[in-house]
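Letters go in sequence order (proteins before strands), and every chain restarts at 1. For clarity, every value in this text was computed on a predicted model and none was experimentally measured.
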Amino acid sequence: MSKSVTPRTPKGFRDFLPETMLRRNYVLSNITDEFHRFGFEPIGTPILELHETLFGKYGEDAEQLIFTAQHGRSTREPLAMRYDLTVPLARVVGQYENELNFPFKRYHIAPVFRGERPQRGRYREFWQCDADIVGVPGMSADAEIVSLMQRILSRLGFPQFQIKINHRQLLVAIGEFSGVPQEQLPDLYRSVDKFDKIGAEGVRRELTERGIAADAVSRMMDLIQAKAAGAGSLDLIADAIGEDDQGIAELRELAALLAEAKVPPACYEFDFTMARGLGYYTGPIFETVISQPNLGSITGGGRYDNLIGMFRRQSLPTTGTSFGIERIIDLMDELNLYPGRLGGTLVQVLVTVFNQATRGASMRIAEELRGAGINTELYLPSRKLGRQFQYADKKGIPVVVIIGPDELAAGVVKLRRLADGSETTVASSGAVEAALTLLSQTP
RNA sequence: GUGGGCGUAGCUCAAUGGCAGAGCACCUGAUUGUGGUUCAGGCGGUUGAGGGUUCGAGCCCCUUCGUCCACCCCA
């Protein structure tokens with residue numbers, strides 16, 4: 001006997017039991033389905049990448065969080081675990097350029113790894129769910145990304161959400177117009193991004209502490225808080241800094257396209273306080289928030305025209321979004337947005353086995369139900385009927401089939417719906433139909 | 001990376017430094033053709049781990065691990 005080991009997962013890594021996994025799969029299959037509806041196609045890439053593929057792409061702070069990997073003592077190919085799905089996309093585009101048909105619309109749903117200290121909604125292994133369009137410089141691609149976000153979140157049943165839209169170059173223009181020195185712009189973004197959390201005063205204080213002139217901070221704060229319905233906030237900004245700005249021009253075009261795409265105006269707004277981590281964005285940026293329970297943003301993305309250049313002599317214009325599915329799932333749990341049929345099991349019918357002599361008959365019924373597309377579990381252990389019912393009840397299986405000696409002799413099957421205890425007896429040839437009827441009447 | 005809270009039965013939690021408990025869950029029976037109700041009984045512990053103080057530690061001290069929260073940063 002080996003010494004017993006305390007069973008546990010590594011810090012920040014999680015297991016998912018069936019009930020949880022069913023909910024995760026429900027969310028992912030709905031998102032996937034909508035990706036397909038928009039013509040996005042999947043790719044898959046390895047969990048491990050070459051060390052050199054990942055390093056040098058995220059900045060020093062982030063690189064400390066990258067998991068590295070090795071096999072035995074081999075150091076011939078230093079390896080690392082993927083940190084996101086965007087760099088792998090850039091590598092794939094660079095590597096298979098000749099085989100891809102541009103514009104390349106791909107989605108990628110897979111786990112990524114970051115050695116951060118875990119917290120609520122924050123893990124060392126978490127799934128990312130990205131959709132990106134490579135090769136389209138114009139706002140038509142960005143409009144499609146926004147439209148996709150709106151369709152997916154509506155489909156998942158979120159009663160209310162706000163897609164916030166801003167523009168990287170417009171933020172630069174606002175900073176410069178206000179007199180914030182170029183080298184302090186990153187500080188400015190970082191603070192402005194916390195607007196929702198720490199408020200206008202908090203941002204003002206932080207920027208002043210970082211040594212940005214008070215009058216520049218004041219001018220900037222006034223500008224970024226410009227808010228009006230629809231494209232109205234664009235007018236406010238344009239009045240102040242002038243119409244001659246690429247950010248404003250692109251956002252105006254985007255607004256027009258979103259109207260054409262019939263994206264409901266209530267779902268999105270131009271919000272100049274939204275900055276995103278910044279990093280590699282070069283154009284419009286997107287983020288979705290839900291205000292009811294405030295858990296932060298559930299999507300994030302934007303245009304990053306330079307990134308693919310890391311694996312290619314010339315870059316390709318790219319825009320896309322990432323769905324924060326871990327948070328989306330948390331929120332859906334909290335708001336109870338799952339359909340009732342999801343329950344705790346996917347089994348629809350349990351076929352009981354009365355005794356060894358009737359086992360064959362039960363197996364035949366189960367086989368028939370499965371053939372008709374009904375998720376059917378045959379009770380495998382030899383236990384008395386009461387235990388088999390208890391099992392079905394505890395697991396949430398809606399319908400139980402009984403075929404004992406009496407039924408066998410009479411050539412019938414009995415079906416019982418556990419929710420209300422209603423029972424029907426039908427000729428064994430009618431088992432499938434009876435099961436379907438009972439199931440369809442179950443909410 | 002910084003600061004803090006919490007680790008007791010499978011789960012949720014009790015227990016002035018003085019006999020380690022309850023509810024739920026689980027198992028058995030009442031009930032050898034029917035679950036979710038009820039009743040009776042039962043199983044369940046190196047109090048996260050290691051050290052220290054004490055006549056005596058779940059409780060106090062140190063170390064360590066885990067976990068949660070707030071920062072940093074981000075998804």
Side-chain angles (χ1 to χ4, degrees), chain A residues 4-14 17 58-66 82-86 109-130 186-187 189-191 193-194 197-198 202 206 275-280 286-289 295-302 321-331 344 350-355 357-358 362 379 382-410 413-423 425:
Chain A
S4 96
V5 172
T6 306
R8 62 185 190 90
T9 55
K11 182 199 273 287
F13 289 73
R14 299 164 294 164
L17 296 183
Y58 300 103
E60 268 180 46
D61 288 350
E63 276 170 13
Q64 302 206 323
L65 303 177
I66 298 179
R82 65 181 165 213
Y83 184 81
D84 67 10
L85 300 177
T86 308
I109 302 175
V112 304
F113 304 86
R114 297 183 185 181
E116 290 191 274
R117 180 179 285 200
Q119 237 179 82
R120 172 173 163 84
R122 201 166 146 172
Y123 310 98
R124 291 186 160 186
E125 178 190 32
F126 62 96
W127 285 60
Q128 279 196 335
C129 172
D130 288 11
D187 282 347
Y189 297 133
R190 206 169 298 121
S191 294
D193 205 30
K194 291 190 219 164
K197 201 184 220 174
I198 62 179
E206 224 177 88
R276 308 257 337 120
L278 162 102
Y280 42 61
F286 322 114
E287 187 169 289
T288 307
V289 297
L295 269 186
S297 59
I298 55 171
T299 80
T321 189
S322 183
F323 293 83
I325 56 179
E326 306 294 353
R327 277 186 188 169
I328 287 177
I329 288 165
D330 282 353
L331 271 173
L350 179 76
V351 178
T352 58
V353 175
F354 192 85
N355 59 33
T358 64
S362 290
Y379 196 80
S382 299
R383 304 192 76 170
K384 61 184 188 181
L385 207 53
R387 299 308 307 249
Q388 303 188 38
F389 273 85
Q390 205 174 65
Y391 173 80
D393 181 56
K394 191 179 163 194
K395 195 163 167 179
I397 301 172
V399 172
V400 169
V401 167
I402 307 110
I403 175 155
D406 298 349
E407 287 81 8
L408 199 53
V413 232
K414 200 181 272 186
L415 298 94
R416 181 182 174 93
R417 180 167 52 207
L418 292 192
D420 58 1
S422 63
E423 244 173 39
T425 303

TODO: Name the residue closer to the 5' end of RNA chain B, choosing between A:R417 and A:R327 according to the nucleotide with the nearest heavy atom.
DONE: A:R417
Open item on the list: I'd like the C1' distance from B:rU64 over to B:rA25, given in whole Å.
Closed with: 32 Å
Open item on the list: Distance check, P atoms only: B:rG58 and B:rA9, in whole angstrom units.
Closed with: 14 Å
Task: B:rG33 base stacked by A:F354 (centroids within less than 5.5 Å, tilt under 30°) - done: no
Open item on the list: Output the rounded distance in Å from CD (A:Q128) to P (B:rC74).
Closed with: 14 Å
Task: All side chain to side chain donor-acceptor pair (under 3.5 Å) counterparts of A:T299, not counting sequence neighbours - done: A:T288
Task: Bracket notation of RNA chain B in which parentheses pair within the strand, [ ] cross earlier pairs, and | pairs with another strand (Watson-Crick or G-U, under 3.5 Å) - done: (((((((..((((....[..)))).(((((.......))))).....(((((..]....))))))))))))....
Show me the donor-acceptor pairs, under 3.5 Å and distance only, between side chains in residues 394-401 of chain A and residues at least two apart or in other chains.
residue: A:K395; atom: NZ; partner: A:E377; partner atom: OE1; Å: 3.0
residue: A:K395; atom: NZ; partner: A:Y391; partner atom: OH; Å: 3.1

- [ ] Would you please name every residue forming a side chain to side chain contact (heavy atoms under 4.5 Å, CB included) with A:P405, sequence neighbours left out?
- [x] A:F354, A:N355, A:T358
Task: Whole-angstrom distance between B:rG23 and B:rC60, as gauged at atom C1' - done: 30 Å
- [ ] Using a 4.0 Å cut-off on protein heavy atoms (strictly under), produce a 5'-to-3' string for nucleotides 63-72 of chain B with B for base contact, S for backbone-only sugar-phosphate contact, and - for none.
- [x] ---SS-SBBB
Task: For A:R122 against A:R117, the heavy-atom pair lying closest together - done: NE-O, 4.2 Å
Task: Backbone N/O of A:G12 and side chain of A:E125: donor-acceptor pair under 3.5 Å - done: no
Open item on the list: I want to check one thing: is the phosphate of B:rU31, taken as OP1 and OP2, less than 4.0 Å away from some side-chain N or O of A:K384?
Closed with: no
Open item on the list: Give me the distance, rounded to whole Å, that separates B:rU34 from B:rG29 when you measure between the P atoms they each carry.
Closed with: 14 Å
- [ ] Let me know which of A:I109, A:L85, A:V112 forms a side-chain contact (heavy atoms from CB on, under 4.5 Å) with A:D130.
- [x] A:L85
TODO: For B:rC55 and B:rU16, measure between their P atoms and round to the nearest Å.
DONE: 23 Å
Open item on the list: Assuming nearest nucleotide by heavy-atom distance, tell me which of A:R387 and A:P405 is located more 5' along RNA chain B.
Closed with: A:R387
Open item on the list: Whether A:R276 engages the ring of A:Y189 as a cation-pi pair (distance to the six-membered ring centre under 6.0 angstrom, angle to the ring normal within 45°) should be assessed.
Closed with: no
Open item on the list: For A:D187, is there an ion pair with A:R190 - N to carboxylate O distance below 4.0 angstrom?
Closed with: yes
- [ ] Could you measure between the two P atoms, the one in B:rC59 and the one in B:rG52, and give it in whole Å?
- [x] 14 Å
- [ ] Can you tell me, in whole Å, how much space there is between the P of B:rC39 and that of B:rC24?
- [x] 9 Å
Open item on the list: Of the options B:rG29, B:rC74, B:rG33, whose atoms approach the side-chain atoms of A:R114 most closely?
Closed with: B:rC74
Open item on the list: Can a donor-acceptor pair be found, under 3.5 Å and without considering hydrogens, that links the side chain of A:R124 to the backbone of A:E116?
Closed with: yes
- [ ] With the side chain of A:E423 defined as its heavy atoms from C-beta on, choose the nearest nucleotide among B:rU34, B:rU28, B:rA75.
- [x] B:rU34
Please tabulate the protein-to-nucleotide N/O contacts below 3.5 Å involving nucleotides 36-40 of chain B, giving atom names and distances.
residue: B:rG36; atom: O4'; partner: A:D393; partner atom: OD2; Å: 2.9
residue: B:rG36; atom: N2; partner: A:A419; partner atom: O; Å: 3.3

Task: Separation of the P atoms in B:rA20 and B:rU47, to the nearest angstrom - done: 11 Å
